[in-house]
There are 2 protein chains.
Amino acid sequence: MLRTELANQGAAPKIARPVPLRESVFEALLELILTGHLKPGQHLAESELAGLLGVSRQPIREALQLLSGEGWVDLHPGHGAFVHAPTVEEADQLLAVRTLLETESAKLAARHSTPDGVQRLRALCARGLAAVDADDVDMSVAINSELHAAITELSGNKVLAELASLVSRRVRWYHTPVARKRGRDSWSEHTELVDAIAAADEDRAADIMRKHTEHTRDSYLEQRQAEPVESAPEPTRRRRPRSPK
Amino acid sequence: MLRTELANQGAAPKIARPVPLRESVFEALLELILTGHLKPGQHLAESELAGLLGVSRQPIREALQLLSGEGWVDLHPGHGAFVHAPTVEEADQLLAVRTLLETESAKLAARHSTPDGVQRLRALCARGLAAVDADDVDMSVAINSELHAAITELSGNKVLAELASLVSRRVRWYHTPVARKRGRDSWSEHTELVDAIAAADEDRAADIMRKHTEHTRDSYLEQRQAEPVESAPEPTRRRRPRSPK
DNA sequence: CAACTGTATGCTGTAGGCGGTCTACGAGAA
DNA sequence: TTCTCGTAGACCGCCTACAGCATACAGTTG
């Protein structure tokens, strides 16, 4: 059923599939995880997913490996795949690492800032503020990601950008609800940040970014106190191995 | 032929295999890459590797996915896997990221230092110096890795430790020859670093670690000037896709 | 001689199937 | 009642097989 959608992403009927099935499956599963259809801790039976997406188990397995590599699912040899259930400790650590990576990115972006690059950042800021004005929260969050990605890319360090992007995606999974709360504040900070980058003021850019990400972190901690724990429900069927180690 | 070695790692004959084949394959392939038997840019035909290791293509594929996730090989859909060929630019960026991660680790390690942890670090330093005295370069390099790993773990941030370990392994691939040159200097720096951690002096620890990793970076750059480029040989058989993009 | 086209070969991506292991559950004994 | 053990079912890991595309090469044409 879903198969056609997965296989023929474009419109042409008989055009060769340029993207391996595993990557379509990867995105489909990631979407299911991010939207909460697959809950943390849940056991992912390969046959079940294969039936759901209308493909064989093989691409499912490969997609699960990719997801495991990015930390979305945990593979327990002999027991299959489980949606990763982040502990509060891990979320904290991830947020700390994000602060580290993004701060360095901002510093480097300021150092290597170009008029062209700055202009792109400003455009994103404008779009972001417009989204906030229109109360389009989803759009605001999306543009927020774009802006941060643009900054990391402006840093000129691709390795750094890749890591930052990875960590940010993970972080966003945890605190998306937070981002919805502090829309306008966040975007005014963004504007200041871009100004600092435009002025090639490394230290100020780094400073603003650090405070910015730590604000998000504080908001996350607050939110978590409100709704203390979203404990993973008992795995649908298969239990976790005895010693998760 | 190799199969038995891969499958039955332990001694017991009929004990269930606790480790999936793909992980054994992963390590076997990584070893081949690190030792240079598989050269950068080389095309990795699944059937060939399967025959070489005595397993079917399936575990090979999964191992290649894992290797791709850690950046050891590049997967080009429809064209197969190629050993990653690092550019000088990428090596630089990787070294910069390593400095960032390790510096933060050192700072946190100093902040959270415990007598027990410090003692372990000192033991590693002693073993490292002993290895240098004995002119056992391989041992020295190995203990060097252990020490850095121990420091990142002492930081208390597992996410950070994992990233640092990943990046370090990649870095080591590029500059192993370098580490051989500056054995004793490196270890005296290590000793100072451990002292700073023991004294819970965050700034000094971070400072020393930053200088330490940048020393390594400088050595790498020097070495690279000596032997300008180790360009990848023409791929054994299959060419790279037209637009590597 | 150079460029193009048709054909052959090798490889990847996917499907389907088999053996072995683990979990779940019910019966029987303490 | 509670613990132990045996059985049945489900699932994972791996192997084999096949369809389709990519590449290489030879033959052909300008």
Side-chain angles (χ1 to χ4, degrees), chain A residues 2-4 6-9 12-26 28 42-66 68 73-82 234-244, chain B residues 2-4 6-9 12-26 28 42-66 68 73-82 234-244:
Chain A
L2 249 176
R3 174 164 199 176
T4 51
L6 283 175
N8 305 335
Q9 298 207 346
K14 262 302 182 187
I15 279 197
R17 187 182 336 109
V19 172
L21 214 43
R22 62 162 174 268
E23 296 190 12
S24 313
V25 172
F26 174 92
Q42 179 175 347
H43 177 227
L44 301 177
E46 295 171 0
S47 335
E48 199 176 332
L49 297 177
L52 180 68
L53 298 183
V55 300
S56 82
R57 279 176 49 215
Q58 177 76 10
I60 298 285
R61 282 180 67 83
E62 302 195 353
L64 288 175
Q65 307 255 350
L66 295 180
S68 161
V73 310
D74 301 318
L75 291 182
H76 295 271
H79 300 91
F82 298 80
E234 195 60 17
T236 317
R237 185 160 166 61
R238 206 129 171 159
R239 285 229 185 112
R240 306 183 100 116
R242 318 189 186 288
S243 57
Chain B
L2 249 177
R3 172 166 198 174
T4 51
L6 283 175
N8 305 333
Q9 298 207 347
K14 260 305 182 186
I15 279 196
R17 185 181 340 107
V19 172
L21 212 44
R22 62 162 174 270
E23 296 190 13
S24 313
V25 172
F26 173 93
Q42 177 175 348
H43 178 226
L44 301 176
E46 296 170 1
S47 335
E48 198 176 332
L49 298 177
L52 181 66
L53 299 182
V55 301
S56 84
R57 279 176 50 212
Q58 175 80 7
I60 299 285
R61 281 180 69 82
E62 302 195 352
L64 288 175
Q65 309 251 351
L66 295 180
S68 161
V73 311
D74 300 318
L75 292 181
H76 296 271
H79 301 91
F82 298 80
E234 195 60 17
T236 316
R237 189 166 158 55
R238 204 126 170 162
R239 288 231 184 109
R240 304 184 102 119
R242 319 188 185 289
S243 57

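What you see is a predicted model, and the numbers here were worked out from it, not measured in a lab. In what follows, every chain begins at residue 1, and chains take the letters A, B, ... in the order their sequences are listed.
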Which atom of A/Pro77 lies closest to which atom of B/Glu23, heavy atoms considered: CG-OE2, 4.2 Å
Length of the CZ-C1' vector between B/Phe82 and D/dA22, whole Å: 11 Å
Out of C/dT14, C/dT12, D/dC12, whichever nucleotide has its closest atom nearest the side chain of B/Ser47: C/dT12
Length of the CD-P vector between B/Glu46 and C/dG10, whole Å: 16 Å
Closest to side chain of B/Ala45, choosing from C/dC11, D/dC14, C/dG13: C/dC11
Nearest-Å distance for atom pair CG/P, residues A/Leu53 and C/dT14: 13 Å
Sugar-phosphate only, base, or nothing, as touched by A/Leu44 at under 4.0 Å among non-hydrogen atoms: sugar-phosphate
Side chain A/His79, main chain A/His43, donor-acceptor under 3.5 Å: no
Spacing between B/Gln42 atom CD and C/dC11 atom P, to the nearest angstrom: 13 Å
A/His43, nearest nucleotide to its side chain (from C/dA15, C/dT12, D/dC12): D/dC12
Within-4.5 Å side-chain heavy-atom neighbours: A/Arg22 and B/Leu75: yes
Under 4.0 angstrom between B/His79 side-chain N/O and D/dC21 OP1 or OP2: no
Out of D/dC15, C/dA15, C/dG13, whichever nucleotide has its closest atom nearest the side chain of B/Arg61: C/dG13
For B/Ser56, side chain to side chain contact (heavy atoms under 4.5 Å, CB included) partners two or more places apart: B/Gln58, B/Pro59
Separation of atom CD in A/Glu23 from atom P in C/dT12, rounded to whole Å: 16 Å
Residues that A/Arg61 engages under side-chain hydrogen bond (donor to acceptor under 3.5 Å, both in side chains), provided they are two or more places apart: A/Glu46, B/Glu62
Proximity to the side chain of B/Ser56 - top-ranked nucleotide from C/dG13, D/dT16, C/dG17: D/dT16
Euclidean distance, atom CD of residue B/Gln58 to atom P of C/dG16 [Å, nearest integer]: 14 Å
Between D/dC14 (C1') and A/Gln65 (CD): distance, integer Å: 13 Å
Rounded interatomic separation in angstrom, taking CZ from A/Arg57 and C1' from D/dC12: 6 Å
